[in-house]
There are 2 protein chains.
Amino acid sequence: MSVVTSTASGPASSSVALLTDHYELTMVQAARQAGTADRRSVFELFPRRLPEGRRYGVVAGVGRALDAIEAFRFEPAAIAALEGVVDPDMLEWLASYRFSGDVWGYAEGEAYFPYSPLLVVEGTFAEAVLLETVLLSIYNHDSAIASAASRMTLAAAGRPCIEMGSRRTHEQAAVAAARAAYVAGFDATSNLAARATHGVPSAGTAAHSFTLLHDSEADAFRAQVQSLGVGTTLLVDTYDVTEAVRLAVEVAGTGLGAVRLDSGDLGEIAREVRAQLDGLGATETRIVVTSDLDEHAIAALAAAPVDAYGVGTQLVTGSGHPTCGFVYKLVARESADGEMVSVAKKSKDKLSIGGRKYALRRRSSTGTAEAEVIGIGEPPEDDGDDRPLLVPLVARGEVVGRTTLDEARTRHRASLAELPRVVTMMSAGEAAIPTVHLDPR
Amino acid sequence: MSVVTSTASGPASSSVALLTDHYELTMVQAARQAGTADRRSVFELFPRRLPEGRRYGVVAGVGRALDAIEAFRFEPAAIAALEGVVDPDMLEWLASYRFSGDVWGYAEGEAYFPYSPLLVVEGTFAEAVLLETVLLSIYNHDSAIASAASRMTLAAAGRPCIEMGSRRTHEQAAVAAARAAYVAGFDATSNLAARATHGVPSAGTAAHSFTLLHDSEADAFRAQVQSLGVGTTLLVDTYDVTEAVRLAVEVAGTGLGAVRLDSGDLGEIAREVRAQLDGLGATETRIVVTSDLDEHAIAALAAAPVDAYGVGTQLVTGSGHPTCGFVYKLVARESADGEMVSVAKKSKDKLSIGGRKYALRRRSSTGTAEAEVIGIGEPPEDDGDDRPLLVPLVARGEVVGRTTLDEARTRHRASLAELPRVVTMMSAGEAAIPTVHLDPR
């Protein structure tokens, strides 16, 4: 459930299993009656393309997806809420549902490219199709945020990035966004639920309302320093920046932690503030900038004396690409005679490729990624330069692929380090490496 | 909490109060120590502008925001999670926190314009500032969706719109999006949690995977019709549309409920399918179209024989504007001598206007809206043509402004009907009515 709606809603709203499209349930009902629901099936979750102009994407949400698979049960309240959607026999089947199949996928933090099979879900049709909506929701959202965040941290070139976008997105999406940004290299979040739930370090400065609450800027600065120490970050653009910086050092001393700039020409003002701080002897006081930053604005500030970036709206909205367009498609299923057969929709404008995939990142002898190799059947023999991308996530219904967020962060750094240097360019371009579809061997 | 993360997280993650930025808590700690935390304060939530090219916006999320205010408590698990963020004295204060102030706001479903004071929150600084993040999250998300949904339902000109975007957005944002779309005139959602939690009617068709699961399209259609009845919607573009339509009517008879088209040139194909259905005698069989629709694509299909639109990605991402850019600003507060004084940040690029606002929709004698009138102090005398926009939502901490979703839908229709007809244009333009700032009287 969204806690926010908890008072307005019954316990059914706490069910992960209800985060599902109506038709998933009616399809299973029809398949059960037709005797096809238990056919062994393979679904794949993949992108048909990168967002326009992007050179790579970043997988995030894997850990949350594993939680969702584990929690995907139709409790009595959920069953009650589904009366009228499916028939009583189907409700009984749902009450005993749990996923008992296998899942492989790209590890959290990994880079992806067009047609990368990010998840391969194998089970009966009924059990695998029911996961479609929630898996797509999690992957489409979290990977969109991580893909934007990764470019921002690249643009920041080592300067810390702080996620501050909670207020610009759905209150629960905000928690997931903070987590995804952390996977892609952000250092901290403003979101306290992300701290409590996912262990993401939290941080914060002060708002203009805090300054305005007090009878003078000096009163506000004194109140903040007294309570939070000289290491705090003072917001210096409520009235006059120059006067505020002077006052900030007067109040906190030259040991002041940081000042924050939230408006105006950030690069120009940062240069003036840096000179002023240095002149006052506050040479260690850092400058934090915020105000509608995206990867391009961050890159444009590379030469400015900025020590940290606070990023909000553009982070939580995926910097122009708030969703990834991942799809979840049936690629193989058992036929009446028990054989597995490849299947795909015949559509001119929406290509899918039938058959269960493997995926390898092909690398040069010096370790630079050269291609995303995707094929059906057995992968080519490994000469040591191919890195397999699919790892076991769920085995016979048990989650086996859980990793920590720190492991995901490490993987993200390693995955980027392996890609051609073109990924550091913020301009629009093509995928950094081609996707190569190998014929079945 | 997000149920999805429930297994990975402790009970702290179920706290609405943690859906809050770190700095809200540290500011209150500092203000308490300075003796300013209990100063009477007025915060306002408002947009500085409409999304580029939009002629109006739609307020949504009001009911969810009231739920959040009611549930905003720091339970023991949340307090435990905040150790290290604020000091023990502040933790004790948080443990007894509840909002005891007053809130007025635009009713859910109402149209809004630049600087419309969508929420006016009055209380102590401490209690009012803590609500900032979660109120902005809910309003920024839900109103972005409703604003896009409203244009889509206008473009659909009476044809039903079904929300099908759950898979393209965060799994909990999906539930709120379905609710917001319903407020703005959508007829149904695919999202089962929105049905269970908010009572939004749910609906669904079938996916390509259902057809591909079966040994033939005929088997799939028979299975679906047998289980769900002839009133069901058959998906006819898995292989060949013409053959599928023939087969659909053969299997279901001329009483077939609907067919769905999900690819290709939808207008052209709809015309061919309509002719084919009519020729087969299935004159009442409806045509549902889906496939990356937005308000422009819907408008472009106005002349095509389409009976319903299924909208996904573009709905849940706000059709290019996934957030509203609402801000929450301190506009007045008590001074040391107990007087209320207007306050505002002095920033060149981010205008705020100090002082507590009233808001009226000024209408012509024939009832057409002419201006959004916003002022400070007492509103002008009402000659009967001004419609006051702020209604009581919370009084002394008690929610008093809850309405049903059906009431919000009715209000949305009435609010749009009152606006100049320019709002039905899908092209980019200016706000449909000007915002007029009246001087204090």
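Letters go in sequence order (proteins before strands), and every chain restarts at 1.
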> Given that the side chain runs from C-beta out, which part of His208(A) has a heavy atom under 4.5 Å from chain B: side chain, backbone, both or neither?
side chain
> Mind checking side-chain contact (heavy atoms from CB on, under 4.5 Å) for Thr205(B) and listing every partner two or more places apart, or none if nothing turns up?
Tyr23(A), Thr233(B), Arg260(B)
> Between Ala344(B) and chain A, with a heavy-atom cut-off of 4.5 Å, which part of the residue counts as in contact: side chain, backbone, both or neither?
backbone
> Side chain, backbone, both or neither: which part of Ile69(B) has an atom under 4.5 Å from a heavy atom of chain A?
neither
> Just wondering, do Lys345(A) and Asp237(B) contact through their side chains at under 4.5 Å, heavy atoms?
yes
> Please test Thr169(A) against His141(B) for side-chain hydrogen bond (donor to acceptor under 3.5 Å, both in side chains), starting from the C-alpha separation and ending with a verdict.
CA-CA 5 Å; Thr169(A) 187; His141(B) 175 267; over 6 Å; no
> With rounding to the nearest 0.5 Å, note down the distance linking OG in Ser227(B) to CG in Asp87(A).
6.0 Å
> If you count heavy-atom pairs under 4.5 Å between each of Glu24(B), Gln224(B), Arg39(B) and chain A, which one has the most?
Arg39(B)
> For Arg222(A), is it the side chain, the backbone, both or neither that has a heavy atom under 4.5 Å from a heavy atom of chain B?
neither
> Go through the atoms of Gln29(B) and report whether side chain, backbone, both or neither lie under 4.5 Å from a heavy atom of chain A.
both
> Please round to the nearest 0.5 Å and tell me the distance separating atom OG of Ser335(A) and atom CG of Leu213(B).
11.0 Å
> Is the backbone N or O of Ser137(B) less than 3.5 Å from a side-chain atom of Arg168(A), with the two atoms forming a donor-acceptor pair by type?
no
> Flag the pair Glu171(A) / Arg64(B) as yes when at least one side-chain heavy-atom distance between them is below 4.5 Å, and no otherwise.
yes
> Which atoms of Phe326(B) are under 4.5 Å from chain A, going by heavy atoms: the side chain, the backbone, both sets, or neither?
backbone
> Do the side chains of Leu212(A) and Arg333(B) get nearer than 4.5 Å, heavy atoms only?
no
> Could you pull out all residues at least two apart from Glu334(A) that satisfy side-chain hydrogen bond (donor to acceptor under 3.5 Å, both in side chains)?
none
> Within the 4.5 Å heavy-atom criterion, are Phe125(B) and Ser209(A) side-chain neighbours or not?
yes
> What part of Ala31(B) is in contact with chain A, defined as an atom under 4.5 angstrom from a non-hydrogen atom: side chain, backbone, both or neither?
both
> How long is the straight-line distance from CG of Leu18(A) back to CG of Asn191(B), given to the nearest 0.5 Å?
8.5 Å
> Among the options Ser166(A), Gly204(A), Ala207(A), Ala34(A), pick out the one with the most heavy-atom pairs lying under 4.5 Å from chain B.
Ala207(A)
> Please name the residue in the list Thr20(A), Asp21(A), Asn140(A) that meets the side chain to side chain donor-acceptor pair (under 3.5 Å) test with Arg167(B).
Asp21(A)
> Checking Val331(B) against chain A: side chain, backbone, both or neither under 4.5 Å from a heavy atom?
neither
> Could you check which of Ala80(A), Ala203(A), Gly199(A), Ala332(A) has the highest count of heavy-atom pairs closer than 4.5 Å to chain B?
Ala203(A)
> Pair His22(B), Ser190(A) - check side-chain hydrogen bond (donor to acceptor under 3.5 Å, both in side chains), show working.
CA-CA 5 Å; His22(B) 186 114; Ser190(A) 64; over 6 Å; no
> Provide the closest heavy-atom pair for Ala223(B) versus Ala30(A) in the form atom of the first, atom of the second, distance.
O-CB, 3.6 Å
> Indicate yes or no: at least one non-hydrogen side-chain atom of His170(B) is less than 4.5 angstrom from one of Ile145(A).
no
> Out of Gln226(A), Met164(A), Glu132(A), which one racks up the most heavy-atom pairs below 4.5 Å with chain B?
Glu132(A)
> Tell me, for Leu82(B) versus chain A, whether the close heavy atoms (under 4.5 Å) come from the side chain, the backbone, both or neither.
side chain
> If you count heavy-atom pairs under 4.5 Å between each of Thr36(A), Val28(A), Leu228(A), Asp219(A) and chain B, which one has the most?
Thr36(A)
> What residue, out of Leu136(A), Thr313(A), Leu192(A), Thr317(A), has the most heavy-atom pairs lying under 4.5 Å from chain B?
Leu192(A)
> Please classify the contact between Val85(A) and chain B as side chain, backbone, both or neither, with a heavy-atom cut-off of under 4.5 Å.
both
> Counting heavy-atom pairs under 4.5 Å with chain B, which one of Val343(A), Asp215(A), Leu330(A), Val327(A) comes out on top?
Asp215(A)
> Examine whether an atom of Leu135(A) lies under 4.5 Å from a heavy atom of chain B, and if so say whether it belongs to the side chain, the backbone or both; otherwise answer neither.
neither
> With a 4.5 Å heavy-atom cut-off, do Leu19(A) and Val175(B) have their side chains touching?
yes
> Does any heavy atom of chain A fall under 4.5 Å from the side chain of Glu163(B), the backbone, both, or neither of them?
neither
